[in-house]
Each structure stands twice: as C-alpha cells, then as structure tokens.
There are 2 protein chains.
Amino acid sequence: MPQSMTSADLRIRNQVRLLRAVHDAAEPFTRAEAARLLGIGRNTAAALVGELEQARLLHEVPAESSGRGRPTTLLVPHPDGPLAFAVDFREDTWTLASVALGGAITELESGEHDRTPAVFTQIRAAVARHETPRLAMLGFATSGPIRDGHRLHISHLGWDEVELDSVLGEGWPPTVIDNDARLAGLAESRRGALRGKGTAMHFHIDFDIGGTLLLAGDAQRGGHNIAGEFGHMPLTGSTLECMCGVRGCWSLDVGANALVRRFGKQPGYGTGRELAREILHRAENGDREAMEALDANAASLGKGLGALANALDPEAISLSGLGIDLIRLRRNLIEERCLENLMAFRRDEPPQIVPGTVGAAGPLTGAAEIAWDAILAPAGLKERLQGRGSQPPGRP
Amino acid sequence: MPQSMTSADLRIRNQVRLLRAVHDAAEPFTRAEAARLLGIGRNTAAALVGELEQARLLHEVPAESSGRGRPTTLLVPHPDGPLAFAVDFREDTWTLASVALGGAITELESGEHDRTPAVFTQIRAAVARHETPRLAMLGFATSGPIRDGHRLHISHLGWDEVELDSVLGEGWPPTVIDNDARLAGLAESRRGALRGKGTAMHFHIDFDIGGTLLLAGDAQRGGHNIAGEFGHMPLTGSTLECMCGVRGCWSLDVGANALVRRFGKQPGYGTGRELAREILHRAENGDREAMEALDANAASLGKGLGALANALDPEAISLSGLGIDLIRLRRNLIEERCLENLMAFRRDEPPQIVPGTVGAAGPLTGAAEIAWDAILAPAGLKERLQGRGSQPPGRP
DNA sequence: TTGTTATGTTCGTATCAAGAACATAAATGG
DNA sequence: CCATTTATGTTCTTGATACGAACATAACAA
C-alpha cells in the first residue's frame with residue numbers, strides 16, 4: 001500500500017473520476033450534470049473543470065439550451081489536449097489511428113507488411129510521420145500472447161518468444177501493448193455489446209478461438225499475462241492433436257481451421273480464411289456439405305460456451321470475427337447447444353449470446369482504451385496537472 | 001459513481017487502509033511501522049489510531065523494545081471491539097465461531113442437523129446464545145450456489161431454489177452469505193496457500209469439484225453469483241450423464257463419486273465419502289483396483305487443471321478436501337497430466353499445484369473474511385466512527 | 001554520564017470540498 | 001413587454017485533512 005492519500009490526491013482522484021466520466025459517456029454532458037453525476041457541488045465542479053481546462057484536458061463549449069435555466073457548457077475533449085495513438089498489428093497489415101478523449105477514432109495510416117519484425121520499424125516510422133506534441137501514449141494491439149508483458153509469441157508468424165524490447169527498438173513513445181483478442185473484448189466491454197455488464201466474455205473466432213473474461217470493464221490478464229486461451233480447453237471431445245501441443249482443443253472444432261479441415265484441406269494460416277468464407281457462402285446457398293460443416297462449427301461453439309458459462313457465469317457473451325457469421329447463420333443451433341450444456345438449474349437464465357458491435361475495430365478500439373487508461377491513471381495525470389499551462393502537453 | 005470524495009471520506013479511506021493492514025498482516029505491527037506502511041506521517045498515524053481506539057476498533061499495547069529508540073506500541077484488535085461471527089453450514093453439521101479483527105477464530109458451538117431448513121432456526125438459536133453487543137456481522141458459508149445472492153440451491157439436501165429469506169427467517173444479525181467452495185478459496189487467497197497471488201484458483205474436491213477463481217484476493221462471483229462450477233465442464237472426455245443435467249462433466253472423473261463409481265457403487269451423497277476414504281486407504285496399502293481408481297482420479301484432475309490453466313493462467317492452484325490426499329498420494333501424476341495438457345509454450349512456467357493450508361477451516365475462515373469485509377467497508381465504518389465513544393459498538 | 005536513535009507530540013500551513021448566499025441568463029406567462 | 005421562474009454559475013466562509021518542521025521523550029550504547 002504505497003500510495004498515500006493526501007488532500008492533493010483527493011483532488012486528483014476527483015479529476016480522474018470526472019475525466020473517466022467524460023471518456024466513458026456515450027454522449028457529452030454539461031458541467032452541472034457532471035456535478036450531479038459525481039455527487040459534488042457546482043462550485044467544486046467549476047474548480048475541477050477549470051484546472052482541467054488549464055491543463056488542456058477538457059474544453060467547455062456552449063450547450064444548446066434545453067428548457068429554462070441559465071445556459072451551461074458541454075464538457076468535451078480539449079482541442080489541443082493529449083491524444084492516444086492506437087496500433088492494430090495484424091497478420092499482414094497494420095493500422096495506426098489517433099484517439100481523443102471520449103474515444104473518437106481518426107485513422108492516420110495503414111499498410112501491409114512482410115511478417116518479419118521489420119514491421120515494427122515501419123510502424124514506428126508511421127508514428128513519427130504523425131507525431132505531435134499531443135501524443136501522450138501509444139496502445140498497441142498484436143495477435144498472440146505477450147508473456148509477462150514483454151515476451152511476444154505469434155505462432156502464425158513463426159515468432160517464438162520474441163523479446164518485445166528487441167523488436168520494438170528505441171524511440172517509441174510511452175507504449176502499452178496487449179493481445180488483440182483481449183483488446184477486442186475490452187472494446188466490447190467498454191464501448192460495445194458488453195457495455196455495463198459486470199461479468200462477461202468475448203470470443204474472437206478467426207482461425208481458432210481467442211477470448212477474454214471481462215470483469216467490471218476490465219479484461220482478466222492472468223498471472224503471466226497469458227490468460228484467455230479458452231480455445232485450448234478440451235470442451236468438445238475432439239481427439240485430434242492441436243498445433244498448440246495439446247489434444248482435443250475446442251479450437252479444433254470451431255473457427256476457420258475447423259471449417260477447412262472438414263473439406264480435407266490442411267488447416268493452417270495460409271489461405272484458410274478465404275476458404276472458410278467461401279464455405280460459409282456455400283452454406284448460405286444450400287450446399288449440403290458446407291451446411292454440415294457450418295452446423296458442426298456452430299454446435300461446437302454452443303457446447304463450449306455452455307461449458308464456460310457453467311464455470312464463469314457471464315451475463316453476456318459477445319462474438320467477433322467468424323462468430324458474427326455464426327450467430328447470423330446459426331443462432332438457434334448455438335443457443336440450443338449452449339443450453340444443453342448448461343447445468344439444469346442455470347437454464348432459465350442463460351447468458352445472452354450477442355454479436356459484437358465494435359466489429360473489426362475491436363483491437364484498435366481496445367488498444368486506445370488501454371492507452372487512455374494509462375493517460376488517466378492518477379500518477380500520470382498528477383504530472384500533467386502540475387505544470388498546468390506552462391509547457392505544452394504531451395510526453396516530456 | 002455515486003460515492004463522493006470529501007475530506008471526511010479521505011479520513012475514512014485512510015482508516016480503512018490501516019484497519020485492513022492490521023487485519024491482513026501475518027504479524028502485528030507497531031504504530032510507526034504502520035505509518036511507514038501506509039506512507040503517512042507519524043502524526044497522522046497517531047491521529048488515525050487515536051480515533052480508531054476511541055471507536056473500539058484498535059487497541060495499543062506496549063511493544064517489547066527492539067534496539068534503540070523510544071518504545072512504541074503494537075496495534076492489536078480492541079478487546080471490546082466488534083466481532084464477526086462465522087457459520088460453516090455443512091451437509092449434516094454446522095459450526096459457529098467468533099472471529100476478531102486479524103482473523104483469530106474462537107469456535108463457539110457446533111451441532112448436527114436433520115437436513116431440513118429447520119437447521120437455520122437451530123443455528124440462529126446458537127447465535128442468540130452467544131450474542132453480544134460486539135457482534136457486528138455474520139458470515140455464513142453454505143454448500144450449493146446462491147443465485148443472485150438470495151436463492152439457495154443445495155442438491156444433496158434436496159433444496160431446490162429455496163428462498164433465503166424464507167429459511168433464514170427473522171431476527172438474524174446483519175448477514176452475508178456465500179458458497180463454501182468459494183469461501184474456502186477466499187480463505188486460501190487471504191490467509192493460506194494462495195496468499196499474495198494476483199491470479200489463482202482453488203478447488204475443493206469432495207463428492208465432486210467446486211472451485212473459484214481468485215483475483216487479487218477476491219473471489220470471482222459471476223453475473224448471477226453462481227460462478228465456480230468448474231466441475232461441470234467437459235474436460236476429461238467422459239460420456240456419462242451428470243446429476244447436474246449435462247453429459248461429460250469433469251466431476252464425473254474426479255472426487256469421491258468418481259472413486260466410488262469405479263467400484264460399481266452408486267455415486268451419490270450417502271455413505272460415499274467414507275467409501276472414498278476407504279478406497280484411498282486401500283490404494284495406499286497397495287490394493288491394485290483401488291490404486292487404479294486413484295490413478296484415474298489424479299490423472300483426470302491433472303488434465304482438467306491443465307485445461308483451466310490454459311484459459312485462466314493462474315500463478316498457483318490450491319486444493320482442499322480429497323485434493324489434499326490426491327496431492328499427497330499422486331502429486332507426480334497430477335503434475336504430469338497437467339503439464340501434458342498445457343499449451344506447449346506454457347510448460348516452462350506451469351501453475352504451482354499446492355495443498356491448501358487453511359484446511360477444513362476454509363469455509364469458516366472465508367465466511368469470517370466476507371463478514372470482516374462488510375464491517376471494514378467505508379460506509380459501515382463511517383457510521384461506527386461517527387458515534388465514537390458514546391454508544392457501545394456493535395450493530396444498532 | 002552523555003550521545004544516539006527511533007518514536008511520539010505539538011503547532012502552523014496549504015489544500016480541499018461543502019454550504020450558503022448571491023448573481024446571471026435564459027424560458028415562461030400574463 | 002416585463003415580472004416570474006428556473007437552472008446554473010460565482011463568491012466567500014468554514015471545517016476537516018494531511019503534511020512538514022521543530023521539539024520532546026524514552027530507551028540503548030559507549
């Protein structure tokens with residue numbers, strides 16, 4: 001318990017509460033509403049906002065009057081305030097975006113890459129092209145687990161335990177990095193289908209299944225920062241050997257690899273994704289073999305979700321990637337199998353299974369969230385508020 | 001965000017921090033150490049402790065001097081301070097204990113019961129026999145899930161969705177209640193083998209498996225307060241039908257029921273526990289059939305733990321109940337099967353699998369923890385500190 | 001006996017949020 | 001068109017908090 005609590009910390013805490021409220025709100029709100037929301041007086045709210053405006057974190061704009069009363073102002077991000085950059089680093093492409101307080105995303109640049117760590121240099125160059133003193137923190141979404149926060153393991157790129165520092169190199173802005181599946185879940189939890197849920201799960205279905213357990217708006221990270229490999233539990237009774245080194249993984253029956261395998265093709269990270277799309281398309285058009293593959297996929301998905309719901313009791317489960325299509329095409333089958341595998345006493349309150357609403361922007365949005373979490377941490381904010389007005393914001 | 005943050009709340013927060021430190025510490029510490037621990041000045045510490053002494057929460061006793069310096073005092077629970085009562089309600093027995101700040105347990109009374117809800121009246125009478133104005137909160141451990149905190153479901157007593165209010169009846173002190181497996185895990189996390197682990201799991205193996213995911217010293221509760229049924233995931237490939245209504249549950253292969261079934265006996269909640277002990281005993285003495293049953297049990301346990309570790313990445317896993325015996329008798333087999341089912345890249349850092357150290361006192365200890373959590377919540381503490389010195393402590 | 005050391009105590013100060021009273025800018029309604 | 005109503009902004013005072021510095025105290029050590 002190192003963090004002492006002094007009057008100054010009290011102020012910081014209230015300012016963090018205010019900024020978080022602005023960041024998390026679906027719609028901008030006024031200063032008076034903020035006072036009510038935080039349970040503080042209008043005078044205190046005025047003081048807080050004043051300092052935050054000085055520090056170029058908030059800005060006040062006239063609010064169109066609604067009814068009687070003295071007109072007030074809306075609290076919006078400061079036009080010259082700090083920005084988070086977010087990177088979504090994928091299999092063969094990357095995207096760089098800038099994200100303001102409140103979550104508004106501006107895509108800056110994107111590109112393809114050659115699957116070697118040189119891509120990081122490429123991305124860093126892009127960051128440099130758009131660099132501004134306003135850049136305060138960079139959030140980075142990558143596929144693959146990041147052990148202990150620094151050892152990167154991306155099997156489909158053949159990167160095995162790559163040391164993060166060595167590939168990132170020097171010259172990066174302050175950076176926070178996490179797994180894309182987890183960040184996609186975080187995005188749903190903060191700004192998507194799982195908003196407001198205390199306990200929820202998200203699964204991204206691509207070649208296989210990656211997921212995360214979301215508790216009160218935060219993604220569970222695990223003891224070595226590698227939680228979330230729900231796809232590698234033996235939930236469907238498969239006896240095949242998985243690329244992960246274990247037999248019987250759930251992922252062997254759900255996802256693009258599973259679809260492809262049913263057609264005698266080699267599962268793997270090549271053209272599998274297009275083939276899977278093709279199979280779904282054929283299933284939609286009544287192709288019998290494709291429909292069976294789709295059914296098997298959906299049934300296995302539902303079974304696994306039921307099993308996980310028994311253990312973790314989520315209020316809702318959202319899906320992304322192929323999961324969106326699976327819900328669209330086979331919702332009933334998924335729900336039926338989920339129900340079948342729920343303990344009997346849970347069947348009157350099954351978890352909602354919903355398509356994610358953040359969509360393909362999930363990892364990028366999640367990366368922005370962790371970057372803003374870092375910016376809005378009390379420690380960092382304290383610094384930013386100390387030198388109010390004098391030097392320009394952004395990292396030192 | 002309803003909780004405002006005023007100067008008074010600041011004081012309460014620091015007092016909570018201090019009390020929690022005392023409650024959680026393995027050894028009592030001095031006032032000066034407390035000041036360093038919390039990062040506050042000695043003068044502030046003196047003020048905090050003074051008020052807490054007034055409120056009969058803390059007491060100062062002379063500390064034997066260690067080396068130079070002015071002698072100081074140890075912070076200990078106030079001899080007339082609030083007490084938590086804890087109840088461990090089991091299949092056919094119950095135990096009532098009194099627990100002071102810091103976690104010291106005094107057993108007050110125990111008894112058997114007839115498996116009908118009348119037992120609650122019995123327990124309430126016992127509480128009344130020991131009632132004192134110092135009683136501040138009662139923590140209650142029961143088997144079976146408690147949906148939404150008020151619907152009790154104990155299958156082996158034939159209690160199906162019993163409304164908690166109706167069985168508890170009137171006249172109880174302020175009460176918090178939770179599931180025994182979850183509370184046993186909480187106990188290990190706070191005071192046992194999982195102390196200090198950020199992410200951990202605990203499994204209580206009895207007839208079947210109940211468990212809990214422990215995050216930063218708190219047990220995960222789920223969206224409907226019924227998380228933790230890890231035993232009802234299909235982790236071992238069984239095809240049997242489980243009493244829970246699903247096929248293939250992990251619990252079908254691990255625990256007393258699984259042992260008993262191997263001997264052609266009907267699994268269930270009768271004399272199964274003694275029979276299971278008997279089987280373990282025979283296995284220890286070299287009985288081949290019993291050894292095979294034990295091996296199968298241990299192997300299934302290990303396999304399931306590996307699968308769960310893939311998903312949730314615990315630093316450590318503790319076991320209680322039969323799990324203690326399984327570790328004692330077949331540690332290698334459990335660990336080997338766990339490792340086999342861990343994704344390859346995790347195998348150099350497998351979760352530690354350890355016997356719980358709180359032992360049979362787990363549910364009782366956990367019940368005391370949630371009771372003290374309630375007492376030490378800022379809201380309740382505020383009340384207790386308002387009327388300092390005037391009226392006696394305890395619930396109004 | 002005289003320092004040394006760790007702790008307790010006292011006092012003044014800066015900061016913070018609350019509360020009350022007042023000021024202000026719209027909409028409302030005759 | 002003007003007084004009223006209403007919601008908000010602003011100002012000032014007040015009580016409470018933790019901090020820092022200086023000093024007091026009680027042991028131990030040389």
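Lettering of chains follows the sequences in order, A, B, ..., and the numbering in each one begins at 1.
The side chain of A:Thr44 contributes an N or O atom lying less than 4.0 Å from OP1 or OP2 of C:dA18. Taking 4.0 angstrom as the limit, B:Arg11 places a side-chain polar atom (N or O) nearer than this to OP1 or OP2 of D:dA18. OP1 or OP2 of C:dG8 has at least one side-chain nitrogen or oxygen of B:Arg31 nearer than 4.0 Å.
To the nearest angstrom, C1' of D:dT8 lies 16 Å from CZ of A:Phe29. B:Met5 has its CE atom 11 Å from the P atom of D:dA18, to the nearest Å. In this structure, CG of A:Leu385 is placed 15 Å from C1' of C:dC16, rounded to the nearest angstrom. Atoms CD (B:Glu33) and C1' (C:dA6) sit 11 Å apart, rounded to a whole Å. The distance from atom CD of B:Glu51 to atom P of D:dA16 is 11 Å, rounded to the nearest whole Å. Between the CZ atom of A:Arg36 and the C1' atom of D:dG9 there is a distance of 13 Å, rounded to whole Å. When rounded to the nearest whole Å, the span between CG of A:Asp9 and C1' of D:dA18 equals 10 Å. Regarding A:Gln15, its CD atom lies at a distance of 13 Å from the C1' atom of C:dA17, rounded to whole Å.
Using cut-offs of 30° and 60° for the angle between ring planes, the A:His23 and A:Trp372 rings count as tilted.
Distance from the side chain of A:Arg42 is smallest to D:dT10 among D:dA26, D:dT10, D:dA18. Considering only the side chain of B:Leu10, D:dT17 comes nearest among D:dT17, D:dA27, D:dA29. Of the candidates D:dA7, C:dT4, D:dT25, the closest approach to any side-chain atom of A:Arg70 belongs to D:dA7.
Between atom CG of residue A:Leu52 and atom CD of residue A:Glu60 there is a gap of 10.0 Å, rounded to the nearest 0.5 Å. Residue B:Leu57 holds its CG atom at 8.5 Å from NE2 of B:His78, rounded to the nearest 0.5 Å.
The main-chain N or O of B:Arg42 is never found under 3.5 Å from a side-chain atom of B:Arg31 such that the two would form a donor-acceptor pair.
Along DNA chain D, the nucleotide nearest to A:Ser7 and the one nearest to A:Ala46 differ in position, and the one closer to the 5' end is contacted by A:Ala46. For the pair A:Ile12 and B:Thr72, both in contact range of DNA chain C, the more 5′-proximal nearest nucleotide belongs to B:Thr72.
Remark: B:Asp9 does not engage A:Arg13 in a salt bridge, criterion side-chain N to carboxylate O under 4.0 Å.
Under 3.5 Å, the side chain of B:Asn43 and the base of C:dG8 form no donor-acceptor pair of N or O atoms.
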